[in-house]
Amino acid sequence: MMAAFAAGKVAGLTNRDAGLHAGYSEKCVEQTATKLMKHPGVKAAIKAGTPRVRKPKGGKDDWDGDGAGESAKVDALEMPKAKYTCAKEFLTDAMNHPRLPIAARADYAKALLPYQHGKVGDVGKKENAKTRAEKIAGNGGNGKPSKFQTKEAPQLRVVR
């Protein structure tokens with residue numbers, strides 16, 4: 001669970017969201033997240049920028065936080081570009097990054113949605129009123145002529 005918490009923090013989640021992502025109880029996630037942020041193993045994993053935390057040596061909280069040894073090596077997350085000028089490009093690359101946790105990738109996908117699709121109700125009151133008025137003045141929207149439309153002039157015939 002500590003590894004999942006560290007992965008959430010590396011992905012940019014808040015302490016609370018990272019704790020929920022890791023599977024901690026919603027009732028005490030804030031207190032647990034505060035304790036985890038003080039933990040040397042979690043600190044080292046977040047500082048290294050990797051979602052992986054080394055496995056404990058012995059007990060539950062017996063973490064080796066000195067960074068020595070072959071098992072202490074961590075892989076840094078490499079993005080395809082060194083610098084991004086467009087938020088859309090960054091979010092797309094982060095969403096498709098194979099080494100990020102799936103929850104972080106889903107968050108990037110959610111952040112990318114407004115760039116690709118507008119909300120259904122993005123029009124305001126005035127635009128809605130104007131659309132309704134045009135619909136009423138036009139054909140009523142159901143194929144029948146509107147009651148506000150002008151009628152055709154009557155045909156004049158000569159009757160003998």
Side-chain angles (χ1 to χ4, degrees), residues 1-136 138-139 141-142:
M1 289 174 73
M2 288 181 170
F5 177 80
K9 286 303 292 177
V10 168
L13 298 177
T14 63
N15 287 354
R16 183 179 193 286
D17 292 339
L20 290 174
H21 164 70
Y24 289 101
S25 171
E26 193 170 341
K27 292 180 181 178
C28 60
V29 71
E30 287 89 1
Q31 294 85 358
T32 307
T34 302
K35 288 180 186 176
L36 288 172
M37 288 303 292
K38 295 177 183 175
H39 196 280
V42 174
K43 277 185 184 179
I46 293 171
K47 186 175 181 183
T50 179
R52 289 187 249 158
V53 178
R54 287 173 286 136
K55 295 191 171 147
K57 284 182 169 179
K60 184 177 178 182
D61 286 328
D62 185 19
W63 291 77
D64 180 19
D66 62 355
E70 186 66 28
S71 65
K73 289 184 180 177
V74 292
D75 300 325
L77 293 173
E78 293 289 329
M79 295 300 287
K81 292 184 180 178
K83 188 175 182 180
Y84 289 92
T85 56
C86 178
K88 187 176 177 182
E89 289 177 26
F90 172 77
L91 291 171
T92 304
D93 286 348
M95 177 185 69
N96 295 323
H97 200 290
R99 292 183 47 215
L100 281 174
I102 193 70
R105 293 170 64 185
D107 289 339
Y108 287 122
K110 288 178 203 171
L112 186 61
L113 278 175
Y115 289 101
Q116 294 179 340
H117 306 286
K119 290 184 180 177
V120 175
D122 266 351
V123 291
K125 291 179 183 179
K126 291 181 180 177
E127 289 84 8
N128 280 337
K130 184 178 179 183
T131 306
R132 280 195 318 260
E134 288 173 355
K135 186 176 175 182
I136 291 170
N139 63 1
N142 55 8

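Everything quoted here is computed from the prediction, not taken from an experiment.
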Looking at [X] and [Y], what are the two nearest heavy atoms and their distance?
X	Y	value
Tyr115	Ala87	OH-CB, 3.5 Å
Ala22	Phe5	CB-N, 3.5 Å
Pro98	Arg105	CA-NH1, 4.0 Å

pair [X]-[Y]: side-chain heavy atoms closer than 4.5 Å:
X	Y	value
Arg16	Glu26	yes
Leu36	Met1	no
Glu30	Asn15	no

(message) Suppose we screen for side-chain contact (heavy atoms from CB on, under 4.5 Å). Which residues come up paired with Asn96, at least two apart in sequence or across chains?
(response) Thr92

(message) So, using side-chain contact (heavy atoms from CB on, under 4.5 Å) as the criterion, who are the partners of Ser25 when residues are at least two apart?
(response) Lys27, Cys28

(request) Among residues two or more places apart or on two chains, list those pairs meeting salt bridge (charged side-chain N to carboxylate O under 4.0 Å, His left out) that have a residue in residues 88-97. (result) Lys81-Glu89

(request) Starting at OG1 of Thr14, measure out to NZ of Lys9 and round the result to the nearest 0.5 Å. (result) 6.5 Å

(message) As an exercise, state the distance from OH of Tyr24 to CD of Gln31, rounded to the nearest 0.5 Å.
(response) 13.0 Å

